Amino acid sequence: MYKIAVEKDVQRLLTYLEKDLKNCLYSYIDLKKFGIGNPNLTVYFDENEDICCSALKYYEGLQLFDAYGKMDAEATAELIRTLNSHIVSSTVEVIEKLYPLLKDSYEMEQGYVTEMLELPDCDISKEVRAAKREEYNEIANLICSDEGVGGHYIPEELKEQLLTRLDEGFGRNYILKREGEIIHHAATYAELDNLAVISGVITREDWRGKGIGTLAVRKLCYDLLKEGKKPCLFYYTKQAEGFYKKIGFEEGTGWAKLVLRKG
């Protein structure tokens, strides 16, 4: 049975997550950054002498981590139903155990998680820059215009989340503009001293296929690596795989998510 973590559980949970950081990026970064004092974050965990599985809820997303293959699928599925999480993410192995129990309410999508160890030699666009606060509304609308990138968000709520991350030093948003409008964007959705998770990568539809799709990501990775932060990200299509390998990301390993069916 899952229980809610309290202050005395935090260090034990961090130690558990550190066993495989790439497969629990958001859980580790969010918990280490915020502890359990953030109103938008709750950590649940199941244990039988040792921790069997952790479940970190941040806003409407839930990330699961099962270090030893000990997750109780029935108990975890019941937690997901209770929380009514919009997105549940974890390794392919974890999601494949849960999907048969939740397929009436959720769709499964398989993908990959990857990291960049070193940025290849390449030109860094001087046109890409950090977004200003007054541009975050346009950023949120751009992200939400693409079902695959931001279809599960509401623009106004996403804008507030992005600004909160900016104010807390937990995220940054890079943009490229043409004729006064944002046409290309990439962001970090979570950062620590040594890690950063890139997301929200999007080029406006009428500007795709023009060779600008890598510019913001390259600039973002360049700045992160200079600061000693390893860029990591998730992707879900073969097209994205080629895109990120071209930039310099490593071969991805299995990742998956459950997305709550609309209605």
Side-chain angles (χ1 to χ4, degrees), residues 25-26 29-30 58-63 85-90 95 106-116 125 128-131 135-166 170-178 181-191 196-221 224 231-247 249 252 254-262:
L25 285 165
Y26 278 118
I29 293 174
D30 289 347
Y58 187 61
Y59 288 95
E60 300 305 321
L62 189 71
Q63 186 169 122
S85 296
H86 293 184
I87 292 183
V88 181
S89 57
S90 190
I95 297 300
Y106 287 84
E107 297 177 352
M108 183 174 74
E109 188 174 350
Q110 293 195 29
Y112 302 88
V113 57
T114 183
E115 59 191 357
M116 178 184 285
S125 173
V128 176
R129 62 167 173 83
E135 294 169 321
Y136 273 61
N137 186 64
E138 188 178 354
I139 289 170
N141 282 306
L142 174 61
I143 293 171
C144 292
S145 71
D146 187 289
E147 183 70 23
V149 179
H152 54 283
Y153 290 112
I154 297 170
E156 186 59 32
E157 292 179 359
L158 176 58
K159 171 190 169 184
E160 293 307 315
Q161 288 185 35
L162 296 176
L163 284 170
T164 297
R165 292 181 183 127
L166 175 70
F170 198 49
R172 65 185 88 178
N173 296 71
Y174 283 15
I175 59 170
L176 187 151
K177 300 182 83 168
R178 288 283 190 275
E181 296 182 344
I182 298 171
I183 62 165
H184 180 44
H185 169 268
T188 54
Y189 279 14
E191 291 189 34
V197 183
I198 294 174
S199 193
V201 178
I202 184 170
T203 300
R204 204 172 71 184
E205 189 171 9
D206 57 330
W207 279 87
R208 293 174 188 174
K210 299 180 185 295
I212 64 170
T214 64
L215 298 182
V217 182
R218 279 180 173 156
K219 169 63 174 170
L220 186 52
C221 290
L224 291 169
C232 304
L233 56 81
F234 304 92
Y235 63 89
Y236 292 88
T237 67
K238 280 293 180 183
Q239 181 181 9
E241 181 177 52
F243 174 83
Y244 290 120
K245 281 185 177 180
K246 180 181 177 182
I247 296 173
F249 281 89
W255 190 255
K257 61 183 176 182
L258 299 172
V259 181
L260 189 66
R261 298 181 192 275
K262 292 185 177 180

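Just so it is clear, the model here is predicted, and its values are computed rather than measured.
Atom CD1 of I175 is separated from atom CD1 of I139 by 5.5 Å, given to the nearest 0.5 angstrom. Atom CD of residue E157 and atom SG of residue C144 lie 9.5 Å apart, to the nearest 0.5 angstrom. For the atom pair CD1 of I247 and CG of L233, the computed distance is 8.0 Å after rounding to the nearest 0.5 Å. One finds the CD1 atom of I202 at 11.0 Å from the CD1 atom of I182 (value rounded to the nearest 0.5 Å). Of the inter-residue distances, the one linking M116 atom CE with C221 atom SG reads 4.0 Å to the nearest 0.5 angstrom. To the nearest 0.5 Å, the span separating OG on S199 from CG on L162 amounts to 9.5 Å.
Nearest heavy atoms, T114 versus G252: CB-CA, 4.0 Å. Closest approach of H184 to A216, counting heavy atoms only: NE2-N, 2.9 Å. Contact record, A240 with Y235: CB-CB, 3.8 Å, taken as the closest heavy-atom pair. In this structure, S85 and Y106 approach most closely via the heavy-atom pair O-OH, 2.6 Å. Residues T203 and G213 approach most closely at OG1-CA, 3.7 Å, considering heavy atoms.
Within the structure, salt bridge (Lys or Arg N to Asp or Glu O under 4.0 Å) pairs that include any residue of residues 202-215 comprise D146-R208, E181-R204, R204-D206 (at least two apart or interchain).
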Discussion item. Pair I198, L224 - check side-chain contact (heavy atoms from CB on, under 4.5 Å), show working.
Written reply: CA-CA 10 Å; I198 294 174; L224 291 169; 4.2 Å; yes
Discussion item. If you apply the rule ring-ring contact (aromatic ring centres under 6.0 Å, His included), what do you find for W255 with Y112, and how did you get there?
Written reply: CA-CA 5 Å; W255 190 255; Y112 302 88; over 10 Å; no
Worksheet item: Yes or no on side-chain contact (heavy atoms from CB on, under 4.5 Å) for H86 and Y59, after CA distance, side-chain angles and deciding distance?
Response: CA-CA 9 Å; H86 293 184; Y59 288 95; over 6 Å; no
Worksheet entry | Test side-chain contact (heavy atoms from CB on, under 4.5 Å) applied to F170 and I29, step by step | CA-CA 9 Å; F170 198 49; I29 293 174; 3.3 Å; yes
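When side chains are defined from C-beta on, S125 does not count as touching K219, because their heavy atoms never get closer than 4.5 Å. A heavy-atom distance below 4.5 Å is found between the side chains of L258 and I95.
Cation-pi geometry between R129 and Y174 is not satisfied (NZ or CZ under 6.0 Å from the ring centre, within 45° of the ring normal).
Ring geometry for Y189 versus Y153: interplanar angle over 60°, hence perpendicular rather than tilted (30 to 60°). Y244 and F249 have perpendicular rings, their planes meeting at more than 60° on a 0 to 90° scale where under 30° would count as parallel.
Between K177 and E135 there is a salt bridge, since at least one side-chain N of the basic residue sits less than 4.0 Å from a carboxylate O of the acidic one.
For the 3.5 Å distance criterion, the side chains of E191 and T188 qualify, holding a donor opposite an acceptor.
Proximity of a side-chain donor or acceptor of H185 to a complementary backbone N or O of N173 within less than 3.5 Å is not detected.
The salt bridge (charged side-chain N to carboxylate O under 4.0 Å, His left out) check on K159 picks up nothing, with sequence neighbours excluded.
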